[in-house]
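What follows is a set of notes on a single structure, which appears directly below.
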Amino acid sequence: MRRKITISELVAAAEQRGCPIWQVVLEREERLQGTERQDIWHKMKEYWMVMKGSLDAGTKPGNRSLSGLVGEEGALLTRYIEKTKPLSGYGSVLAAARAMGVAVVNASQGRIVAAPTAGSCGILPAVLATVAEETGAVEDAVVGALFTAAGVGMVIDEHAGTAGAKSGCQAECGSASCMAAVAAAEMAGGTPRQAANAGALALKNFLGLVCDPVAGLVEIPCVKRNAIGAGVALLAADMALAGIESKIPLDEVIQAMKEIGDAMPASLKETSLAGLAGTPTAREIEKRMNEID
Ligand code: SF4
């Protein structure tokens, strides 16, 4: 049986050995799965290829979810930064556009990688693709970063859970943003400790976020939450790389997320009974959807 590992243990192991977190995660998987390292690496590379496909598809014009509620967001923001100097910086907005694009691919039943969930699938690939471009990282560095993100996701899943139905959107978009922040900071040359700080800075800002999908569809507010999740991850990584620390360590932020999720009412955990799903506009949309059915 797998022993639950913590972020501080991952960081300590990486520091002791003078290696990045991704290497600790990869070697642990090798031991636990009893699979050759190159096979595990190859599998992760395949996931990155699927992510790349969804990044390409998501930012093209003409996308539309099955319900028609979302579709062009990624393409619109991509066009915007082609013509305008964005207020929040080119990289952040590009990542946001990409994140929405991938989330729309999910809402259109296209191929994505749940990272950690389908609803939050845009954040991690969008951030990694953008950081790779900004830093000139090669593809293997992105695959390595995916192992770092996977290690963080595994810790969150084991200690708190990553399902909106269990702990709200903090556990989906919050976890994805946290995973992306840690991976981005490490990919950009940060130490394991800085990377963990980036994750804590990101996740803290999603605590309490409820899961309230309009009409029960993973579209509103999910697609746009992916955009903001990507932006938060990049900013958190920059803050950590600048030397800013989270006074509350990531393991404790994860524990706080669990406690908040446990205290959250069922009406705010993917039941579409309250929150944004309970607003008059959402009810109108729901009525229209039911009429189409
Ligand atoms: S609102 Fe709920 S369904 Fe949508 S991304 Fe967040 S957790 Fe997932």
Side-chain angles (χ1 to χ4, degrees), residues 51 54-55 58 63 65-71 73-74 77 95-127 149 152-153 156-157 159-181 202-233 253-254 256-279 281-283 285-286 289:
M51 285 178 169
S54 61
L55 284 163
N63 281 319
S65 67
L66 294 184
S67 71
L69 290 174
V70 294
E73 290 83 355
L77 204 53
R98 287 170 162 166
M100 286 194 291
V102 175
V104 167
V105 171
N106 174 57
S108 321
Q109 301 205 329
R111 199 158 177 237
I112 53 94
V113 177
T117 60
S120 59
C121 66
I123 296 171
L124 184 60
V127 168
V152 174
I156 298 174
D157 198 56
H159 291 265
T162 52
K166 186 168 178 264
S167 299
C169 200
Q170 56 171 0
E172 291 206 10
C173 286
S175 296
S177 188
C178 172
M179 290 158 64
L203 186 56
K204 284 197 293 192
N205 283 283
F206 286 94
L207 292 186
L209 187 62
V210 301
C211 172
D212 47 359
V214 170
L217 300 166
V218 187
E219 301 186 19
I220 302 171
C222 319
V223 167
K224 288 160 197 137
R225 280 190 184 155
N226 273 263
I228 307 291
V232 167
V253 179
I254 293 168
M257 183 178 91
K258 181 188 182 311
E259 284 164 22
I260 293 165
D262 289 348
M264 217 175 252
S267 59
L268 296 170
K269 292 202 260 196
E270 215 175 322
T271 51
S272 297
L273 293 172
L276 294 174
T279 58
T281 301
R283 292 291 179 225
I285 292 171
E286 196 174 5
M289 292 288 129

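Heads up: numbering here begins at 1 and tracks the sequence. Each ligand, and each atom within it, is numbered from 1 in the order the structure gives.
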Quick one: do Val102 and Met51 satisfy side chain to side chain contact (heavy atoms under 4.5 Å, CB included)? Show the steps, please. CA-CA 8 Å; Val102 175; Met51 285 178 169; over 6 Å; no

Taking atom types as modelled, is there a side-chain donor on Ser65 or Ser67 under 3.5 Å from an acceptor on the other? yes

Excluding sequence neighbours, so at least two apart, what forms side chain to side chain donor-acceptor pair (under 3.5 Å) with Glu270? none

For Ala180 and Ile123, work out which heavy atoms get closest and say how close. CB-CG2, 4.0 Å

Taking the basic N atoms (NZ, or NE/NH1/NH2) and the acidic carboxylate oxygens, is any pair closer than 4.0 Å for Asp212 and Arg225? yes

Sub-2.8 Å protein N, O or S atoms surrounding atom 6 (Fe) of ligand 1: Cys169 SG

Straight-line distance of Ile156 CD1 to Cys178 SG, nearest 0.5 Å: 4.0 Å

